[in-house]
Amino acid sequence: MDILESPEAMRAWRAGCPGAVGLIPTMGFLHEGHLSLVAASRRQDTHTIASIFVNPTQFGPGEDFERYPRDEDRDLRLLRDAGVDAVYLPPPSAVYPPGFQTYVTVEEVTRRLEGEARPGHFRGVATIVLKLFNATTPTRAYFGRKDAQQLRVIRRMVRDLDLGLEIVPCAIVREPDGLAMSSRNVYLSPEDRAAAPVIRKSLLASKAAWDSGTRDADALRTLAIRGITAQSRANLEYVSLADDDTLDELYGFVSGPALLSTVVRFGHTRLLDNIELG
Ligand code: AMP
């Protein structure tokens with residue numbers, strides 16, 4: 001497994017790859033969710049590149065950039081064992097050299113939900129992802145459905161900027177009790193960790209109502225809200241039921257595919273989860 005630390009080195013490595021190349025962008029501190037993306041690429045691409053970069057421009061002031069969990073040695077071991085061919089591991093100075101001033105803004109689809117809660121977040125995400133695409137020119141790039149809005153933002157950017165690569169969405173990998181795997185789960189106190197599966201359970205209550213014919217947007221949202229707020233350790237930030245593609249909030253009768261998503265805080269830790277309806 002090769003480790004490349006500059007865009008130039010990454011591009012030179014990439015130039016020697018015939019056949020399909022898959023890219024898995026990550027911020028490291030890897031878990032089974034990340035490794036499922038690697039496995040998906042290994043099934044269909046000739047070469048698999050993973051990137052590890054904790055991207056400062058997608059963190060707001062007062063967020064957890066400095067204390068974001070990092071363990072490079074363990075990550076590299078996991079990626080090697082998973083059969084990754086190359087890891088792109090640039091230092092921040094190689095990604096954002098002095099004088100850097102160009103950013104990508106995706107408009108409507110970033111206005112609500114995480115875009116509203118974290119101003120500037122998706123500008124940082126779109127910019128770093130485009131830069132990773134430019135350094136690796138992948139045939140396919142793999143993204144988890146856990147970050148549902150991020151996936152839609154990237155898809156939009158790829159279409160709008162004619163990037164000509166395939167975005168492959170991957171299922172959410174969960175702990176046995178249903179909590180979506182996340183690098184940030186290590187922040188949870190034992191008590192909060194024990195309470196956190198309420199998120200998944202509450203989204204499933206809504207999904208069960210959908211499956212038995214409930215189509216009223218408020219009723220579907222309310223079921224999830226009730227479940228989450230019944231857990232006293234949980235601080236609900238939002239529950240959204242939105243059009244699956246545009247992420248416009250839905251009201252009244254829901255006909256098409258919809259995304260039920262939520263952010264719940266336990267202590268200072270924001271946990272995201274979602275479920276697709278229809
Ligand atoms: P991150 O390192 O948190 O930036 O995540 C890197 C990629 O892994 C993103 O595409 C995430 O959506 C994806 N990912 C994170 N957690 C999971 C999970 N539990 N299941 C599937 N994919 C995930």
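When a ligand or atom number is given, it counts from 1 through the structure's own listing order.
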Straight-line distance of [X] [atom1] to [Y] [atom2], nearest 0.5 Å:
{"X": "Leu35", "Y": "Asp81", "atom1": "CG", "atom2": "CG", "answer": "9.5 Å"}
{"X": "Ser183", "Y": "Arg70", "atom1": "OG", "atom2": "CZ", "answer": "11.0 Å"}
{"X": "Tyr88", "Y": "Arg11", "atom1": "OH", "atom2": "CZ", "answer": "9.5 Å"}
{"X": "Arg155", "Y": "Phe143", "atom1": "CZ", "atom2": "CZ", "answer": "11.0 Å"}
{"X": "Asp85", "Y": "Arg80", "atom1": "CG", "atom2": "CZ", "answer": "12.0 Å"}

Under 4.0 angstrom from ligand 1, any heavy atom of Arg145? no
Within 6.0 angstrom of Glu72 CD, more than 12 heavy atoms from elsewhere: no
Arg42, CZ: over 12 other non-hydrogen atoms inside 6.0 angstrom: no
Below 4.0 angstrom from a heavy atom of [X], which ligand 1 atoms are there? Numbered from 1 as shown, please.
{"X": "Leu37", "result": "7 (C), 8 (O), 10 (O), 13 (C), 22 (N)"}
{"X": "Met181", "result": "16 (N), 17 (C), 18 (C), 19 (N)"}
{"X": "Thr26", "result": "2 (O), 6 (C)"}
{"X": "Ala171", "result": "20 (N), 21 (C)"}
{"X": "Phe143", "result": "10 (O)"}
{"X": "Ile172", "result": "20 (N), 21 (C)"}

Students should be able to answer this: which protein heavy-atom is nearest to [atom], and at what distance?
{"atom": "atom 20 (N) of ligand 1", "value": "Val173 N, 2.8 Å"}
{"atom": "atom 12 (O) of ligand 1", "value": "Asp147 OD2, 2.6 Å"}
{"atom": "atom 1 (P) of ligand 1", "value": "His34 NE2, 3.6 Å"}

Answer with side chain, backbone, both or neither: which part of [X] has a heavy atom less than 4.0 angstrom from an atom of ligand 1?
{"X": "His31", "value": "side chain"}
{"X": "Met27", "value": "both"}
{"X": "Pro25", "value": "backbone"}

Among Ala148, Gly144, Ala180, whose heavy atom sits nearest atom 13 (C) of ligand 1? Gly144
Compare all side-chain heavy atoms of Ser36 with those of Tyr142 and state whether any distance is below 4.5 angstrom. no
Would you say Val263 and Leu223 are hydrophobically clustered, going by side-chain heavy atoms of ILVMFWY under 4.5 Å? no
